[in-house]
Amino acid sequence: MPELPEVETTRLALAPHLEGQRLAMVQIRVPKLRQPTPAAELLQGRTVLRLFRRAKYILATLDDDYTLLIHLGMSGRFSVFPHTGGAHTPTQLTKYPHPPLAKHDHAILTTGLAELRFNDPRRFGLLLRIPTHALHTHPLLQNLGPEPLDAGFTGAVLQAALRGKTTAIKPTLMNNTVVVGVGNIYASESLFAAGINPSVAAGELSKTQCTRLVASIKKVLQQALATGGSTLRDFRHPTGEAGHFQDEFRVYDRAGEPCHTCGTAILQATHAQRSTYWCPVCQK
DNA sequence: ACCCCGACCTGAGGGC
DNA sequence: TGCCCTCAGGTCGGGG
């Protein structure tokens, strides 16, 4: 499910229920996701000071000098069940019967405002408790490339990151040390928008192409954010709404269908074991 | 230092 | 109906 637009959509939906709120009750129902999950007692009673995002990680700064790191993996999502009728103590919360827990509901965070449930069938997601002072040197975070929507991500920066790389540009866009947040959907979509063939060796892109590609990545991600991300199969906003960017796909998941620009059939191939889609006429 | 591949998981969908 | 195969929005560690 989650590339930058879906992760940011999730963060935006969670923030009003978490920022400034105390985790009155925490349940951890799975011993490990990608890594062992923190004990509920270490999180319960803490207040969330701030909820921010870096790459595809959602980070909750807690009031005990720890940060809760959340990653949605392939199939992770949050559901929000707001309480009705104002603030409550944990005991009172049980008086508000939210729907029964579902299969793969691995963590439940309850504040005075809502119950937030993390569901992840494939368990590629991640919940980690990290000392806040050590966050930027944590192995998961210290080698990350630039945020694609930051002003500092420019054609020159991309070209420098691609220098000497012989791998095709498409899987390279999904390399977190080059740029973060771009996954399998938005890599194909951005290359289409830039008119670049996904098989071109990354290091061979011209300065002009890098500049165009950076502009396309920003445009595609911003448009996806504006439409609430992409809903394939099961991705939902924490509110339960679907995203709509899947209606805007130019190439992703459209093998054999006509290019919206030139009518040529969209092609599909595999790069690094992931599907790539492109138009052989519009992308050179 | 790079690059590729398998591994980690469950579930949906298609073919037989 | 069921079984078996493939594929799915991500990342990491090992080996070449």
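Everything numeric here is computed off the predicted structure, so don't read it as measured data. Letters go in sequence order (proteins before strands), and every chain restarts at 1.
C/dG10 atom P lies 13 Å from atom CG of A/Leu173, rounded to whole Å. Across the protein-nucleic acid pair, A/Leu141 atom CG and C/dT11 atom C1' stand 13 Å apart, rounded to whole Å. Rounded to whole Å, the distance from CG on A/Leu72 to P on C/dA8 is 20 Å. One interatomic measurement links the two molecules: OH of A/Tyr186 to C1' of C/dG10, which rounds to 14 Å at whole-angstrom precision. Summarising the geometry, the separation between CZ on A/Arg53 and C1' on C/dG10 is reported as 15 Å, rounded to the nearest angstrom. One interatomic measurement links the two molecules: CG of A/Leu69 to P of C/dG10, which rounds to 16 Å at whole-angstrom precision. Between A/Met74 atom CE and C/dT6 atom P the separation is 17 Å, expressed in whole Å. Atom pair A/Ile169:CD1 and B/dC3:P shows a separation of 12 Å (rounding to whole Å applied).
When each of A/Lys218, A/Arg53, A/Lys56 is tested with A/Glu147 by the rule salt bridge (Lys or Arg N to Asp or Glu O under 4.0 Å), just one qualifies, namely A/Arg53.
In this structure, the side-chain contact (heavy atoms from CB on, under 4.5 Å) partners of A/Thr67, at least two apart in sequence or on a different chain, are A/Leu59, A/Thr61, A/Thr132, A/Leu135. In this structure, A/Thr264 has no side chain to side chain donor-acceptor pair (under 3.5 Å) partners at least two apart in sequence or on a different chain.
In this structure, A/Asp120 reaches neither bases nor backbone, as no heavy-atom distance under 4.0 Å exists between it and the strands shown. Contact annotation for A/Tyr57: backbone-only contact, meaning every heavy-atom pair under 4.0 Å involves sugar-phosphate atoms and none involves a base. Among the atoms of the strands shown, only primed sugar atoms or phosphate atoms (P, OP1, OP2) are found under 4.0 Å from some heavy atom of A/Leu140.
Comparing A/Gly164 and A/Arg34 along DNA chain B, the residue whose closest nucleotide (by nearest heavy atom) sits nearer the 5' end is A/Gly164.
In this structure, A/Phe124 forms an aromatic stack with the base of B/dC8, since both conditions hold: centre separation below 5.5 Å and plane angle below 30°.
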Please tabulate, one pair per line, each protein N/O and nucleotide N/O from nucleotides 10-13 of chain B that are separated by under 3.5 Å, including the distance.
unit_1	atom_1	unit_2	atom_2	d
B/dT10	OP1	A/Arg123	NH2	2.5
B/dT10	O4'	A/Pro121	O	3.3
B/dT10	O3'	A/His104	NE2	3.1
B/dG11	OP1	A/Lys103	NZ	3.3
B/dG11	OP1	A/His104	NE2	2.7

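Relative to the side chain of A/Tyr252, the nucleotides C/dG10, C/dA8, B/dC3 differ in distance, and C/dA8 lies closest.
Neither side chain, A/Lys170 nor A/Asn197, offers a donor N or O lying under 3.5 Å from an acceptor on the other.
Counting side-chain heavy-atom gaps under 4.5 Å among Ile, Leu, Val, Met, Phe, Trp and Tyr, the cluster of A/Leu101 also holds A/Ile108.
Remark: A/Arg274, A/Ser275 in residues 267-276 of chain A come within less than 4.0 Å of DNA chain C through at least one heavy atom.
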Review point. Can you give the dot-bracket line for DNA chain C, where a pair is Watson-Crick or G-U wobble with both atom distances under 3.5 Å, crossing pairs use [ ], and | marks a partner on another strand?
Key: .|||||||.|||||||
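In this model, the phosphate group of B/dC3 is approached by a side-chain N or O of A/Thr166 to a distance below 4.0 Å at OP1 or OP2. In this structure, A/Lys165 does not reach the B/dC2 phosphate: none of its side-chain N or O atoms is under 4.0 Å from OP1 or OP2.
In this structure, OH in A/Tyr277 is found 3.5 Å from CD in A/Gln268, a value given to the nearest 0.5 Å.
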